[in-house]
Amino acid sequence: MIVLGIETSCDETAAAVVVDGANVLSSVVSSQVAVHSPYGGVVPELASRKHVEAIVPVVNEAVSNAGIDSGMLNAVAVTQGPGLIGALLVGFNFARAFSYTRGIPYIGVNHLEGHINSVFLEPDPPSFPFVALLVSGGHTGIYHVRSHTSFNLMGQTRDDAAGEAFDKVAKMLDLGYPGGGVISRIGKSGDPANIIFPRPYLGKTDFDFSFSGLKTAVRRYIQTHLDEYQQHIADIAAGFQEAVVDVLSFKIINAAKKMECNHIAVVGGVAANQRLRERVLLEAGSIGIKVHMPSISLCGDNAAMIAAVGYHHLVKGEASGMGDDVYSRSG
Ligand code: KG4
Ligand code: ZN
């Protein structure tokens with residue numbers, strides 16, 4: 001089954017063509033970072049307008065890169081939520097109209113299910129059940145994954161998402177938006193042991209997270225070292241990143257142990273973090289647990305993961321109706 005995937009939940013307009021939920025023929029992501037970065041975050045109204053401009057060229061590019069004729073598409077999968085309502089509506093209405101005019105089914109899917117399924121776009125995917133650490137700009141949670149479409153949430157952040165904490169700390173340090181990539185780049189030349197920040201919830205046996213206290217600790221450090229913190233930006237970045245990575249890797253390894261799973265997946269925008277990848281690989285490897293992570297281009301928002309999860313719903317006979325609508329929050 002050849003599925004066209006569409007993703008417009010936040011600040012990326014994306015389209016992809018995927019065969020049988022696994023074989024990516026094309027994946028196009030048009031980022032709006034340049035539009036939002038002067039504001040230090042995503043401006044919802046601007047995001048919707050940019051999606052309207054980009055959606056047709058991005059879909060055309062995905063179909064053309066796939067080397068297929070659009071008549072060969074069997075179905076459309078589109079992000080239904082969670083996300084920004086105005087942004088979601090652009091992709092969702094496009095998918096609905098595309099489906100209606102072409103006479104093919106469309107399926108609205110959950111963005112988080114998409115991230116979890118991103119590991120199935122790589123060779124040697126995990127076997128069920130496995131535990132997944134989903135770390136992005138909007139979400140941080142651990143899931144017990146029983147199939148492509150059924151998950152149990154084991155724990156999640158009580159305040160900021162991990163990516164959001166990276167973004168906010170980068171903003172405090174005047175490093176621009178989004179902050180994940182730049183913090184990890186600058187942190188490479190710092191020493192994570194020079195400034196020790198708190199590890200929130202590290203000692204707890206549950207799978208919840210909290211990152212707002214850590215963010216406040218960084219702010220307090222800056223305020224109490226106003227004259228000299230600029231010379232220690234690399235150490236601040238490295239120390240902050242190490243605190244986040246310590247908590248994330250500890251919790252996902254513990255979740256695998258608790259659920260007796262031999263496979264771990266790490267997905268979402270923050271899964272692009274090199275230090276997180278290294279640490280989870282090292283710690284899981286030492287106890288014989290296999291780690292699955294999407295390649296960097298499939299960590300952040302993309303439509304290939306949406307097409308993948310859509311396929312798994314479609315083969316169960318599910319499809320969306322013309323009266324269905326988008327939603328801003330999950331559950
Ligand atoms: O999955 P994603 O593209 O969008 C959401 O669904 O939220 O994730 C975006 C988040 C941003 O907060 C960004 O700062 C973070 O992923 N991110 C990173 C890295 N690259 C992107 N965080 C840490 N290290 C990175 N290398
Ligand atoms: Zn995402």
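Residue indices begin at 1 and follow the sequence shown. Computed from a prediction, not measured in an experiment: that's the story for all the values here. Indexing begins at 1, ligand by ligand and atom by atom, following the structure's order.
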*Asks:* Can you tell me which portion of H111 lies within the under-4.0 Å heavy-atom range of ligand 1? Options are side chain, backbone, both, or neither.
*Replies:* side chain
*Asks:* Which angle, to the nearest 10 degrees, do you find at the Zn ion (ligand 2) between NE2 in H111 and OD1 in D301?
*Replies:*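 Computed angle, vertex at the Zn ion (ligand 2), rounded to 10 degrees: 90°.
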*Asks:* Is the closest heavy atom of C10 to ligand 1 under 4.0 Å?
*Replies:*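 No, C10 has no heavy atoms under 4.0 Å from ligand 1.
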*Asks:* Y106 and F92: aromatic ring centres closer than 6.0 Å?
*Replies:* yes
*Asks:* Report the relative orientation of the aromatic rings in H115 and H111; use parallel for angles under 30°, tilted for 30 to 60°, perpendicular for over 60°.
*Replies:*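 Perpendicular.
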*Asks:* Which option wins on minimum heavy-atom distance to atom 15 (C) of ligand 1: I183, V270, T79, V245?
*Replies:* V270
*Asks:* Do R279 and E242 sit within salt-bridge range, that is, some charged N less than 4.0 Å from a carboxylate O?
*Replies:* yes
*Asks:* Please write down residue, atom name and distance for the protein heavy atom closest to atom 24 (N) of ligand 1.
*Replies:* N273 ND2, 3.0 Å
*Asks:* Please check whether H115 reaches ligand 1 - meaning an N/O of the residue sits under 3.5 Å from an N/O of the ligand, judged on distance alone.
*Replies:*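 Looking only at distances, the answer is yes, because the N/O contact criterion of under 3.5 Å is met.
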*Asks:* Looking at G300, which atoms of ligand 1 are within less than 4.0 Å of one of its heavy atoms?
*Replies:* 3 (O)
*Asks:* Given L276, which of V245, V244, I252 fulfils the side-chain contact (heavy atoms from CB on, under 4.5 Å) condition?
*Replies:*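 Of V245, V244, I252, side-chain contact (heavy atoms from CB on, under 4.5 Å) with L276 is met by V245 alone.
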*Asks:* Heavy atom of R185 under 4.0 Å from ligand 1?
*Replies:*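 So R185 does not count as touching ligand 1.
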*Asks:* G180 versus ligand 1: do any nitrogen or oxygen atoms come within less than 3.5 Å of each other?
*Replies:*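 Yes: some nitrogen or oxygen of G180 is under 3.5 Å from one in ligand 1.
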*Asks:* Which residue, N110, V3, V109, I107, forms the side-chain contact (heavy atoms from CB on, under 4.5 Å) with V309?
*Replies:* V109
*Asks:* Checking only N/O/S atoms, does H115 have one that is under 2.8 Å from the Zn ion (ligand 2)?
*Replies:* yes
*Asks:* Take atom NZ of K251 as the centre, draw a 6.0 Å sphere, and report whether it contains more than 12 heavy atoms from other residues, nucleotides or ligands.
*Replies:* yes
*Asks:* Would E45 and R49 pass as an ion pair if we require N to O under 4.0 Å?
*Replies:*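 Salt bridge flag = yes for R49 with E45.
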*Asks:* Going by the order shown, which atoms of ligand 1 are within less than 4.0 Å of some heavy atom of G179?
*Replies:* 14 (O)
*Asks:* Provide, to 0.1 Å, the distance between atom 2 (P) of ligand 1 and the closest protein heavy atom, together with that atom's residue and name.
*Replies:*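 For atom 2 (P) of ligand 1, the nearest protein heavy atom is D301 OD1, 3.5 Å.
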*Asks:* Out of all atoms in ligand 1, which are within 4.0 Å of some heavy atom of S184? Include the element for each.
*Replies:* 26 (N)
*Asks:* Would you say NZ of K258 has more than 12 non-hydrogen atoms from neighbouring residues, nucleotides or ligands within 6.0 angstrom?
*Replies:* no
*Asks:* For A272, take its heavy atoms, then give the atoms of ligand 1 lying under 4.0 Å from any of them.
*Replies:* 26 (N)
*Asks:* With atom 16 (O) of ligand 1 as the reference point, say which of G181, G268, G269, G163 has the nearest heavy atom.
*Replies:*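 Looking at heavy atoms only, the winner is G269.
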*Asks:* Within the 4.0 Å heavy-atom shell around D167, which atoms of ligand 1 are there?
*Replies:*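 It comes down to these atoms of ligand 1: 11 (C), 12 (O), 13 (C), 14 (O).
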*Asks:* If the test is ring pair (Phe, Tyr, Trp, His ring centres under 6.0 Å), which one of H144, H148, H263 qualifies with F128?
*Replies:*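 Of the listed options, the one satisfying the test is H148.
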*Asks:* For ligand 1, which atoms, with element, lie under 4.0 Å from some heavy atom of S136?
*Replies:* 1 (O), 5 (C), 6 (O), 7 (O), 8 (O)
*Asks:* Going by heavy-atom distance to atom 10 (C) of ligand 1, choose the closest among A271, A162, G137, A170.
*Replies:*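 Looking at heavy atoms only, G137 sits closest to atom 10 (C) of ligand 1.
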*Asks:* Parallel, tilted or perpendicular for F166 and F240, by the 30°/60° rule?
*Replies:*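 Perpendicular.
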*Asks:* Which atoms of ligand 1 sit under 4.0 Å from any heavy atom of G138?
*Replies:*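 Taking each heavy atom of G138 in turn, ligand 1 has 7 (O) under 4.0 Å.
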*Asks:* Any carboxylate oxygen within less than 4.0 angstrom of a Lys/Arg side-chain nitrogen, looking at D159 and K215?
*Replies:*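 Looking at D159 and K215, the cut-off is not met.
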*Asks:* Counting only heavy atoms not in E260, do more than 12 fall under 6.0 Å of its CD?
*Replies:* no
